[in-house]
Amino acid sequence: MHSRNPYQTPPDFTRLADGFPDLKPFLKKTSSGVGIDFHDEAAQRCLTQALLFCDFGLSLILPPDRLCPPVPNRLNYILWIEDIQKACAKVRPIRSVIRGVDIGTGASAIYPLLGCRTNPTWKFWATEIDQKSAECALKNIQSNNLSDRIKIVQVAPDDKIFPTAIFENEQGIDFTMCNPPFYGSREEVLNSAEAKELGPSGACTGAETEMITTGGEVAFVKRMLEESLQLRDHCQWYTSMLGKMSSLTYIVQHLKFAKIENYAVTEFIQGKTRRWAVAWSYGDVHLPDSLARIPNRTLQNIMPPKNTLRQPYTQFQTSQDAEQRLLKVLMSIDGVSVTHEAEDRGNILVKAIGDTWSRAARRRKLKAVDSATDYGPGQVTLVSRVQCTQNTSATRGGSESRAVTIEFDWVQGRDRGLFESFVAHVSRKLGTLAMDPDVDMR
Ligand code: SAH
């Protein structure tokens, strides 16, 4: 579960029922105290309403014949999107509004409602094909006074998934999100792992339109991918949840066929249920590995290339020591500017106008009369975030362990080779400096 998700420990059901008395009749004594029967759909629905009311100040209608969204899982996805937005905010001008699109918002409109409650600058367009769900979503938005920030767009099954009118506006979209219908047929629903685990009552918590789409989730997300190939930068990050691990493999393959290297994969774990999500972008902003890659061993071959490179140093004893030397190295590179991040002074943001450090570049500079013409008009082509971390354990197994790790994140740029060559150059110079602190850096 996401580290900021408050539901890492089970909720206090007695407190919830005090704040939302409709929950009281569903409370049961369990082996661990007080809980509800998770096989009882009405109890689950009431729990979702209670959590949204007590923890987010949201009052929701959840029709009995439509999907009941579990709050912890939906919050995981919102928190990941929030992290992606924060990562992008490092290198773009401050925005007063962040624009999101929720594809298939359902009767609850759960993502836009949660997203707007937890992020004051977010606004949403929310699409839906099912008329009954769209009407209910509208009521939920109105009753929570969010009509000025969330707009419902009813679409037809054959329409584009990403409506042109929304995407081709001049302000652009910051992210899309989607919890697609997972299955391709009724048989697939009945054979799904959840159906087997929960039995017939637990499996049917959604209407057919919510659970089934032609070709299942792979076809649905593939359609989004194909449409995104036309829309490209009209949206910064396209994302979707996936219900099956095998679907993730297919989608990543399709991303690779489409030559999209800037993508991210994550996993949402809630109790026994696992979900995955994928994000892709045509922009030049990259996400740190902590957001873009997961340690799940079976999925390593579909992870995106690493955007975080770590270099251990035994020579430095403290992170301050390492940072001082690092700054000396960075300042010695032509065409590089260095700032400390406002929200975390320990993070250094490095901006470079291009390769000024390789041997070839230095040779070019020697020949050139004016280095500015040599390195281009001076626009930034690489942004990297650098951080020195002191390791806590000094010795392990009797041998000396690495004392400081320097971490480089590729934050912005089109040329991965440039980022890698920058890291290699700084690491080499740091190695030299650690041996002889007075060495001339040029
Ligand atoms: N977002 C909600 C509902 C997810 S169920 C939640 O997370 O709980 C999937 C939803 O997608 C359903 O409401 C279904 O009606 C809708 N849907 C299916 N095809 C669609 C399409 N082409 N465009 C928009 N919504 C669609």
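Whatever order the structure lists ligands and atoms in, that order sets their numbers, starting from 1. Heads up: numbering here begins at 1 and tracks the sequence. The figures here come from the full heavy-atom set of this structure, side chains too, leaving out hydrogens, waters and symmetry mates. Worth saying up front: this structure is predicted, and the values here are computed from it rather than measured.
- Taking the six-membered ring for Trp and thresholds of 30 and 60 degrees, Y238 and F162 have ring planes inclined between 30 and 60 degrees apart.
- Here the CD atom belonging to Q387 is positioned 12.0 Å from the CG atom belonging to L349, to the nearest 0.5 angstrom.
- Note that the OG1 atom of T308 and the CG atom of D409 stand 4.0 Å from one another [nearest 0.5 Å].
- Between W410 and F419, the angle of the ring planes stays under 30°, which puts this pair in the parallel group of the 30/60° scheme.
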Atom pairs, nitrogen or oxygen, ligand 1 to protein, under 3.5 angstrom:
{"from": "ligand 1", "atom 1": "1 (N)", "to": "G104", "atom 2": "O", "distance (Å)": "2.8"}
{"from": "ligand 1", "atom 1": "1 (N)", "to": "T105", "atom 2": "O", "distance (Å)": "3.3"}
{"from": "ligand 1", "atom 1": "7 (O)", "to": "R74", "atom 2": "NE", "distance (Å)": "2.9"}
{"from": "ligand 1", "atom 1": "7 (O)", "to": "R74", "atom 2": "NH2", "distance (Å)": "3.3"}
{"from": "ligand 1", "atom 1": "7 (O)", "to": "N179", "atom 2": "ND2", "distance (Å)": "2.9"}
{"from": "ligand 1", "atom 1": "8 (O)", "to": "R74", "atom 2": "NE", "distance (Å)": "3.4"}
{"from": "ligand 1", "atom 1": "8 (O)", "to": "R74", "atom 2": "NH2", "distance (Å)": "2.9"}
{"from": "ligand 1", "atom 1": "13 (O)", "to": "E128", "atom 2": "OE1", "distance (Å)": "2.8"}
{"from": "ligand 1", "atom 1": "13 (O)", "to": "E128", "atom 2": "OE2", "distance (Å)": "3.2"}
{"from": "ligand 1", "atom 1": "15 (O)", "to": "E128", "atom 2": "OE2", "distance (Å)": "2.4"}

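- Y77 and Y111 have perpendicular rings, their planes meeting at more than 60° on a 0 to 90° scale where under 30° would count as parallel.
- In this structure, D415 has no side chain to side chain donor-acceptor pair (under 3.5 Å) partners at least two apart in sequence or on a different chain.
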